[in-house]
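Notes follow once the structure below has been shown.
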There are 2 protein chains.
Amino acid sequence: MQAQPIPKAKPQDATQKVADALALAIHEHRLAPSTKLGEDEIGEIYNVSRTVVRAALQSLAHVQLVEIQRNKGAFVASPTPREAREVFEARALLEPRTARSAASRATPRDIEILKDHIAQEHLALDAGDNGRALNLSGRFHIEIARIADQDTISQFIETLIARSSLVIALYWRRESALCESHAHHALVQSIADGDEQNAEELMHSHLVDLNSALDLRDRPVQAQNLRELLQTRDQ
Amino acid sequence: MQAQPIPKAKPQDATQKVADALALAIHEHRLAPSTKLGEDEIGEIYNVSRTVVRAALQSLAHVQLVEIQRNKGAFVASPTPREAREVFEARALLEPRTARSAASRATPRDIEILKDHIAQEHLALDAGDNGRALNLSGRFHIEIARIADQDTISQFIETLIARSSLVIALYWRRESALCESHAHHALVQSIADGDEQNAEELMHSHLVDLNSALDLRDRPVQAQNLRELLQTRDQ
DNA sequence: TGCGGCTTAATTGTATACAATCTAGAATTC
DNA sequence: GAATTCTAGATTGTATACAATTAAGCCGCA
């Protein structure tokens with residue numbers, strides 16, 4: 001009678017699940033930069049051993065969402081102004097060409113997906129869930145990279161967008177994030193039209209616009225527990 | 001009397017050492033694509049536990065030097081023709097601009113380092129150590145990225161060059177690798193001269209040239225033990 | 001009161017042990 | 001003789017145990 005007894009405890013990789021959960025929390029700004037990520041603590045939360053937590057943390061360290069200091073532990077990464085600048089420079093280098101490629105390849109189904117993303121983003125904003133809106137906004141860019149059908153570059157873009165989330169958490173100065181919606185909408189339109197040139201230019205100006213909303217002045221690392229800040233001399 | 005008693009058994013991360021050793025072996029083509037990398041086996045070689053071997057393998061998997069199949073184990077990655085093409089497309093996108101930037105920033109010391117790289121490469125070639133020569137050739141590109149002083153993009157380039165080594169192992173068709181030397185030499189000259197335009201163009205044509213030396217026709221994965229090949233139906 | 005060294009607790013790094021899964025070979029059947 | 005199922009060995013996934021390092025608190029002392 002028990003065709004499928006129970007949804008199964010571990011259908012897939014436990015490590016991946018923990019890593020995804022942590023990444024989501026970071027993307028949605030529930031975990032602030034410099035937050036300490038203790039192995040035992042996380043292990044208890046997700047009911048897994050330190051072994052898998054460590055693997056997840058190392059995985060996140062590879063995309064620079066967390067920083068691991070030997071014998072000290074893992075912390076949510078806290079990009080310096082310089083790193084922040086570099087992330088957006090790299091995006092400006094990669095994404096416009098990706099948008100162009102997407103415009104040349106997008107299927108009606110792809111356009112649908114993009115529009116759905118925007119709709120969900122609006123929903124999240126209306127619900128006051130800024131974290132979720134920000135995450136969706138990032139995934140919009142990832143979706144475009146996917147459509148462009150260049151896995152290698154897509155991966156790079158994915159990590160850049162992940163890091164962008166941290167940059168925004170630290171250096172965003174504009175109040176409203178709504179401004180993006182217009183840019184995204186126009187971008188979808190040009191991709192739907194197959195207007196490569198326009199898509200490339202819109203993506204470029206969109207990124208310039210995003211960048212201009214950052215205040216990259218050097219600010220002392222605002223650790224959640226101020227201890228480090230107080231006992232750190234240089235850096 | 002024992003100011004520094006002994007070189008110290010583990011001055012740094014054991015995981016990193018294992019990962020570096022494996023990466024070097026792959027870069028120098030001592031480990032062919034699709035080679036099985038058993039955890040116990042590697043652990044015995046380097047006298048470390050599976051824990052650190054696993055961490056090293058996962059680290060290498062992140063840069064796609066190895067591929068991990070769940071419950072199956074780790075294998076030296078074997079890029080498909082498509083992946084190979086993408087790797088070089090990405091390099092063509094990133095490296096010319098990086099070379100330009102390097103030309104605008106290089107110090108005399110940097111030039112010295114680059115020339116030293118070329119010299120060492122020649123030495124390795126004369127010694128018949130093609131693996132080492134190839135590795136040095138790759139590190140030459142990494143050095144240029146370092147000079148460009150863009151850490152984020154440099155990291156991307158580093159992984160691309162690592163993967164290039166695998167691509168070359170699988171798809172290289174030209175006999176001599178010497179052709180590169182001229183290109184590298186001219187590149188250094190333009191960087192030393194601060195000729196940004198020239199550096200960018202030289203890097204571009206160099207990559208085009210490299211790409212033209214590949215034969216990306218689909219070839220069935222030549223696993224070292226043919227078993228997989230025989231019992232695999234599709235892909 | 002403030003600084004410095006020492007002791008202890010907590011946390012991470014590594015190794016080992018156990019459980020789950022896969023691979024290979026042998027026995028069995030057609 | 002070929003194919004298939006079953007069993008035994010080997011390999012990976014995860015958890016736990018121990019070692020090493022770091023962080024915190026306490027005491028003493030100037």
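Labels below follow one simple rule: chain letters A, B, ... track the order of the sequence lines, proteins then strands, and each chain is numbered from 1.
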| field | side chain to side chain contact (heavy atoms under 4.5 Å, CB included) assessment of B:Ile113 paired with B:Ile147 | value | CA-CA 10 Å; B:Ile113 293 173; B:Ile147 293 169; over 6 Å; no
| Quick one, which residues of residues 56-68 of chain B touch DNA chain D with a heavy atom under 4.0 Å? | none
| Between B:Ser49 and C:dA15, does any side-chain N or O lie under 4.0 Å from OP1 or OP2? | yes
| With sequence neighbours excluded, residues passing side chain to side chain donor-acceptor pair (under 3.5 Å) with B:Ser164 | B:Arg91
| query | Under 4.0 Å: is that the gap between some side-chain N or O of B:Arg70 and OP1 or OP2 of D:dT14? | reply | yes
| request: Return the set of residues passing ring pair (Phe, Tyr, Trp, His ring centres under 6.0 Å) with A:Phe140 (not counting sequence neighbours), or none when no residue passes. | output: A:His184
| field | All side chain to side chain contact (heavy atoms under 4.5 Å, CB included) counterparts of B:Glu67, not counting sequence neighbours | value | B:Gln69
| remark: Sorted by chain and number, sequence neighbours left out, side chain to side chain donor-acceptor pair (under 3.5 Å) with B:Asp40 holds for none
| note | Sorted by chain and residue number, the side chain to side chain donor-acceptor pair (under 3.5 Å) partners of B:Asp110 (sequence neighbours excluded) come out as B:Thr107, B:Arg146
Check residues 148-157 of chain B and write down every donor-acceptor pair under 3.5 Å in which the side-chain atom is one partner and the other belongs to a residue at least two apart or another chain.
{"residue": "B:Asp149", "atom": "OD1", "partner": "A:Arg82", "partner atom": "NH2", "Å": "3.1"}
{"residue": "B:Gln150", "atom": "NE2", "partner": "A:Glu89", "partner atom": "OE1", "Å": "2.7"}
{"residue": "B:Thr152", "atom": "OG1", "partner": "A:Glu86", "partner atom": "OE1", "Å": "3.0"}
{"residue": "B:Ser154", "atom": "OG", "partner": "B:Ala145", "partner atom": "O", "Å": "2.9"}
{"residue": "B:Ser154", "atom": "OG", "partner": "B:Gln150", "partner atom": "O", "Å": "2.8"}
{"residue": "B:Gln155", "atom": "NE2", "partner": "A:Gln64", "partner atom": "OE1", "Å": "3.4"}

| query | side chain to side chain donor-acceptor pair (under 3.5 Å) with B:Arg139: which residues, sequence neighbours excluded? | reply | none
Which protein N or O atoms sit under 3.5 Å from an N or O of nucleotides 18-20 of chain D?
none

| query | For B:Lys72 and C:dT21, is the shortest distance between a side-chain N/O and OP1 or OP2 below 4.0 Å? | reply | no
| OP1 or OP2 of D:dT12 less than 4.0 angstrom from a side-chain nitrogen or oxygen of B:Lys36, does that happen here? | yes
